[in-house]
Number of protein chains: 2
Amino acid sequence: MEKLKLYDAEYKFACLIWDNEPINSTDLVRLCAEKLGWKKSTTYTVLKKLCDRGILQNQDAVVTARVKREDVQKFESTTLVEKSFDGSLPKFLTAFLGERKITQQEAEELKQIIEEATQ
Amino acid sequence: MEKLKLYDAEYKFACLIWDNEPINSTDLVRLCAEKLGWKKSTTYTVLKKLCDRGILQNQDAVVTARVKREDVQKFESTTLVEKSFDGSLPKFLTAFLGERKITQQEAEELKQIIEEATQ
DNA sequence: AGTTGGGGTTTATCGAAATAGACCTAAGGG
DNA sequence: CCCTTAGGTCTATTTCGATAAACCCCAACT
């Protein structure tokens, strides 16, 4: 299950599905035409690839996701932190914040999340 | 100056420069051959592109960076958070941590970083 | 004068992501 | 019975990131 890597077009496509599943495939073609400017065959091509990779499924013209959005997000964020920050979350956070300032409230929220992940 | 986006090969290359600047271009060719398995022309091709984009510079065969590693890292992390998490750092953090647990010490470090960014 | 090595540029190749064209089959309506 | 439409496949085409081949200039050395 290591193919959680989605390319840009695939990711946008998957987002439409996460936001609308379960969705009929013909409706999906319409939606992609509208939101992404895709032709019918483009939609089916990408859909098939993601189905083959086990990310989505298409049964009786009903498309659903087999992989949760959070799993893909986690994969992406982990990949970035590993690639650019030695796997170090503090390094990531330092870079992300830079000179940026956050409000008291955001800070509390973040600390809460950290608290909950502390063993 | 909005072209801080580096592709994978470009990023690896830039890392070598950040780690070794200032570096003579011929030495850089050697280094890339060793570390990345690149031919001379590959090195010069990528070098030129990054110079044209203002990321690096090559003056009298001495290569240096014009953009700081931190700026690229900040751009990358910001881009990810915007693309996948609505620009919300808490959402990112939640996804990144998932079921993962962190040690007391890491938690302290993170909270410290947050503290410093709180206005 | 010929060769070697440093310092490059210009143009090409190659694979893969992104997108689409052409075509196919089955069901249903007039 | 023909035509349309839903639902889909298979095979291009286009684009671009990654990599390199071939070539060029010039200074130094022999």
Side-chain angles (χ1 to χ4, degrees), chain A residues 2-17 20-66 72 75-76 79-80 83-84, chain B residues 2-17 20-66 72 75-76 79-80 83-84:
Chain A
E2 253 332 308
K3 281 306 119 206
L4 290 183
K5 159 81 183 151
L6 299 194
Y7 295 99
D8 281 15
E10 292 171 344
Y11 184 75
K12 283 185 218 154
F13 178 68
C15 280
L16 285 182
I17 290 159
N20 293 280
E21 68 175 335
I23 180 168
N24 165 271
S25 60
T26 296
D27 292 342
L28 183 59
V29 167
R30 247 190 298 276
L31 189 65
C32 289
E34 184 187 321
K35 301 278 189 183
L36 305 175
W38 285 8
K39 301 294 176 189
K40 185 178 90 161
S41 55
T42 305
T43 297
Y44 278 111
T45 301
V46 177
L47 175 59
K48 189 169 193 328
K49 269 186 86 170
L50 293 185
C51 287
D52 289 348
R53 278 156 55 192
I55 311 278
L56 303 176
Q57 72 182 15
N58 182 11
Q59 272 177 10
D60 305 322
V62 175
V63 177
T64 50
R66 304 192 64 183
V72 169
F75 177 79
E76 278 188 38
T79 301
L80 177 71
K83 174 195 150 218
S84 295
Chain B
E2 253 331 306
K3 280 306 120 204
L4 289 183
K5 160 80 184 152
L6 298 194
Y7 295 101
D8 280 15
E10 292 171 344
Y11 183 75
K12 284 184 217 155
F13 178 68
C15 281
L16 286 182
I17 290 158
N20 293 280
E21 67 174 334
I23 180 170
N24 166 270
S25 61
T26 296
D27 292 343
L28 182 59
V29 167
R30 249 190 295 276
L31 189 66
C32 289
E34 184 187 322
K35 302 277 189 185
L36 305 175
W38 286 8
K39 301 294 178 189
K40 184 178 94 162
S41 56
T42 305
T43 297
Y44 278 111
T45 300
V46 177
L47 175 59
K48 188 169 193 328
K49 268 186 88 170
L50 293 186
C51 286
D52 289 349
R53 277 156 57 194
I55 312 278
L56 303 176
Q57 71 182 17
N58 182 9
Q59 271 177 9
D60 305 322
V62 175
V63 177
T64 50
R66 302 192 64 182
V72 169
F75 177 79
E76 279 188 39
T79 301
L80 176 72
K83 173 194 152 217
S84 295

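The shown structure was predicted, so the numbers you read here are calculated from the model rather than taken from an experiment. Just so it is clear: chains get the letters A, B, ... in the order the sequence lines come, proteins before strands, and each one is counted from 1.
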Near-strand residues of residues 40-48 of chain B, defined as heavy-atom separation under 4.0 angstrom from DNA chain C: K40(B), Y44(B), T45(B), K48(B)
I23(A) CD1 - dA6(D) P separation (whole Å): 14 Å
Atom pair distance, as rounded to whole Å: CZ in R53(A) and C1' in dA16(C): 12 Å
Distance (rounded to the nearest 0.5 Å) between D60(A) CG and N24(A) CG: 11.0 Å
Value in whole Å for how far the P atom of dT10(C) lies from NZ of K39(B): 23 Å
Selected nucleotide, minimal atom distance to K49(A) side chain, candidates dA17(C), dG8(D), dA21(D): dA17(C)
Closest listed nucleotide, where the reference is the side chain of N58(B) and the choices are dA18(D), dG8(C), dT19(D): dG8(C)
Distance, nearest 0.5 Å, that separates CG of L28(B) from CD1 of I17(B): 5.0 Å
Heavy-atom check, side chain of R53(B) versus side chain of L6(B), under 4.5 Å: yes
Note: D52(A)-K48(A) ion pair, threshold 4.0 Å (strictly below): yes
Within 45° cone and under 6.0 Å: K83(B) NZ/CZ vs Y11(A) ring: yes
D8(B) CG - dA16(C) C1' separation (whole Å): 14 Å
Near-strand residues of residues 27-37 of chain A, defined as heavy-atom separation under 4.0 angstrom from DNA chain C: G37(A)
Phosphate contact (dG8(D) OP1 or OP2) by S25(A) side-chain N/O below 4.0 Å: yes
Nucleotide dT9(D), atom P - distance to CG of L50(A) in whole Å: 13 Å
Interatomic spacing from OG1 in T42(B) to CG in L47(B) - rounded to 0.5 Å: 12.0 Å
Residue pair L16(A) / K35(A), side-chain heavy-atom distance below 4.5 Å: yes
Electrostatic pair R30(B)-D27(B), nearest N-O below 4.0 angstrom: yes
Heavy-atom check, side chain of L31(A) versus side chain of T43(A), under 4.5 Å: no
Between P of dT19(D) and CD of E10(B), the distance in whole Å: 11 Å
Whole-Å distance separating the OH atom of Y7(A) from the P atom of dT19(C): 14 Å
